[in-house]
Participant: 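My questions will all concern the structure given below.
Predicted model only: the values in this text are computed from it and were never measured. Every number for a ligand or one of its atoms is a count from 1 in the order of the listing. Numbers here simply count residues along the sequence, with the first being 1. What you see below is based on every heavy atom in this structure, not just the backbone, and it leaves out hydrogens, waters and symmetry mates.
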Amino acid sequence: MSSDSPRRAIRAHMAAKPPVLPVSVSPPPAELFGRDLFNLKLMRERLPKSVYERLLSTIDNDAPISPADADVIASAMKDWAIERGASHYTHWFQPLTGVTAEKHDAFLTPTSHGDIINEFSGKMLVKGEPDASSFPSGGIRSTFEARGYTAWDPTSPAFLLKSGDRLTLYVPSIFVSHTGEALDAKTPLLRSQAAVSKQAIRVLRFFGNDRVTRVRANVGPEQEYFLIDRRLYNLRPDLIMSGRTVFGAPAPKGQELEDHYFGAISPKILAFMTEAENRLWALGIPARTRHNEVAPAQFELAPLYENINLAVDHNMLLLKILRETAAEFGLACLLHEKPFAGVNGSGKHNNWSLADNEGQNLFDPGPAPWANSQFMVFLAAVLRAVHKYAIPLRIGVTGAGNDFRLGANEAPPAILSVFLGDQLTDVIKAFIDNKADAETWRGGAMAPGVSAMAPLARDITDRNRTSPFAFTGNKFEFRAVGSSQSIAPPNIALNAAVACALDDICSELEKSGESDPQKAAHKVLPKFFQEHLPVVFNGNNYAPEWEEEAKNRGLWNLKDSVAALTHYSDPEVKDVFIRPGVLTERELLARQEVLYENYVKVVHVETKLVQSLGWSVILPVALTTLKKAADLVKAVADLPSPAAAVKPEERYYKKVYAHTAALTALLEELDQKHIELDATEGYLKKAEGARDILLPLLAKIRVEVDALELAVDDNIWPLPKYGEMLWQ
Ligand code: ADP
Ligand code: MG
């Protein structure tokens, strides 16, 4: 890039549009799907029938696998991987960093005769010992026993992943300490799945269902992301290191015209999406929907829903594949919750439901919800979960990045409420009065007014889309999850909260003395609905009045991560995780420390970025500009001019001077505060300092830098601008 005028070089880049890359030739989706998975079909072909059947029973009913069977499975897995060209395997796990971790080992093992053979034993499959002492554990491991163990999770199939032209066998695993304490996201996820299953089955039994043996949570996470030109990304150290732009004046055109949302997908982007989808399908990830999102350069990819364990693994893989494929297509995929100020951020709508092993969705209201007492029990449980356990759910979506969305005038607010729609809300109110009947259910059809079209079934759905937790027909959509976050923590909280709520309600049903489940429901549910009706809100969640009303209703409004994390030891938080056996008290409190630590680290990285960009990139350009303007002021000082004339050189000088002076003073203050806070002891104090001192200073500095961006000669501004990054 030419050094005399970065801007001119950027424009030249943009003018020379890169060719649309060809997508690799792939078989049709149905053939491609699951090609790189050690899936059930392969297992049936390659395993002895009895081993295959026992493995199936593990996958379906969590029956433990014997060491002998593990040996047979490992050997078949290894043969398949080597046939496909893999040389290494890795246990693939999800430590508390929020991202995935891997450590590759070759299949090679020396024999006693001095040669080398390919080996992958059951023992190697089942257990790994990475020297993973640097992962955060919140103090669960002391350094002298720092080892953590990875253990194969047979319920998520192993897969082959390509990096460059190297193929590696990935074995999804959990990560625990030598005492068996969870050091990862997956262990409590699996425990939460078992907990919610246990309580849901208890309710189903109460309603006379003796067949169901398992209930599973299904999740479909809709993933939002930005794509920008990689050459511009490479010129923004803030995007590279923190994922968001710490400076950047708004582009003349933002999202106000809404011409990007659902707009035609450009050939360049479509080529990227097609390639990414092919890679996802090969891994058995059911990518389904793709479209342009609200903000310019923003997109969404939604997979079909899957069992929660797979959905979590697949979302982690999806983030990786989006990032890597984008790089190959000359793009940068931005997964941060708020990469650009002033335009929409990115979230992840977490669609969640419960289904039993006969395929029945427990949130399907059926044609007559008012008479479907079993559905009403599950509905009451979700209302109770979101109302009573709002804090654990809020903690499940904490993160410095997500704070720019939640509670910051952007969708959705930090106040957790549930959208049910007017119809279902009326059914609940009628249920409280014991008057629920067909009259309260005003379903039916909506006529589009086009005679050739069949009437469309009117669905109960949240059309204003402002609710953080919306019932959308037969599932709940938790919309507060951040785009970069693992979906494990919010789903752990959700499963745990619903398990506790089902436990509470089912205990009352069992105590009611009514053997007829319908009668018991009518006796017990009104009290629960009455208690939890305040969490139902069908209005506009962005309206300022809502904040006031939510306060009157006694709902929590924990606007930022630190506010949420200070409630970590509240009784409801402990109860929700400890009672259903999802986390022990020690595991729970260790996670609080890790979350604080992570928050502080993120804000400190952003602080250092602002310091270095401010002093060494922005200020020099501002000073160059000042010098030029000062020279001009001097040069024209002696020239005759009309007395009342506007003196543009002086005005310009003063304007740039004011912002430069303010910027310098703020940078000095930031340097000082950063040193002070670095020396502060204790995570709570450090986190509060990051929130109350550093972040407001970063925001003030941004105001000055953005004003300078709008004033300084465009040819010498050193960073790509919003208009260039967002509109390409
Ligand atoms: P939207 O109107 O929110 O785009 P969609 O019907 O397109 O709704 O679904 C969005 C996501 O919800 C998809 O990932 C879809 O697979 C998932 N989904 C649909 N039904 C369920 C369900 N019963 N449980 C969990 N997720 C579901
Ligand atoms: Mg949705």
Participant: I want to confirm something. Looking only at heavy atoms, which of H349, R288, R465 is nearest to atom 1 (P) of ligand 1?
Facilitator: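 The option holding the nearest heavy atom is R465.
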
Participant: With a cutoff of 4.0 Å, is T472 in contact with ligand 1, counting heavy atoms of the residue only?
Facilitator: no

Participant: Below a 4.0 angstrom heavy-atom separation, can you tell me which part of E222, side chain or backbone, both or neither, approaches ligand 1?
Facilitator: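 Side chain only.
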
Participant: Which ligand 1 atoms are under 4.0 Å away from a heavy-atom of E477?
Facilitator: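 Numbered from 1, ligand 1 contributes 3 (O).
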
Participant: Could a heavy atom of N361 be found less than 4.0 Å from some atom of ligand 1?
Facilitator: yes

Participant: Please report whether the ring centroid of F537 lies less than 6.0 Å from that of W546.
Facilitator: yes

Participant: Between the side chains of K348 and E222, is the shortest nitrogen-to-carboxylate-oxygen separation below 4.0 Å, so that they form an ion pair?
Facilitator: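 Salt bridge flag = no for K348 with E222.
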
Participant: Is there a polar contact between ligand 1 and S353, counting only N or O atoms under 3.5 Å apart?
Facilitator: yes

Participant: Please state which option from E300, K475, H291, E306 has its nearest heavy atom closest to atom 5 (P) of ligand 1.
Facilitator: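 It is K475 whose heavy atom sits nearest to atom 5 (P) of ligand 1.
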
Participant: Please could you name the atoms of ligand 1 that G220 approaches to less than 4.0 Å, counting only its heavy atoms?
Facilitator: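 Those atoms are 14 (O), 26 (N).
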
Participant: Please list, chain by chain and in numerical order, all residues satisfying salt bridge (charged side-chain N to carboxylate O under 4.0 Å, His left out) with K320, sequence neighbours excluded.
Facilitator: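 Partners of K320 by the salt bridge (charged side-chain N to carboxylate O under 4.0 Å, His left out) criterion, ordered by chain and then number, come out as E324.
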
Participant: Between R244 and E337, does any NZ, NE, NH1 or NH2 come within less than 4.0 Å of an OD or OE carboxylate oxygen?
Facilitator: no

Participant: Is there side-chain contact between R479 and N350, with heavy atoms separated by less than 4.5 Å?
Facilitator: no

Participant: Could E328 and R279 be called an ion pair, given the rule that one side-chain N must be under 4.0 Å from one carboxylate O?
Facilitator: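 R279 and E328: salt-bridged.
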
Participant: Counting heavy atoms only, which of P303, P221, A302 is nearest atom 13 (C) of ligand 1?
Facilitator: P303

Participant: Taking 4.0 angstrom as the limit, do R211 and D356 come out as a salt bridge?
Facilitator: no

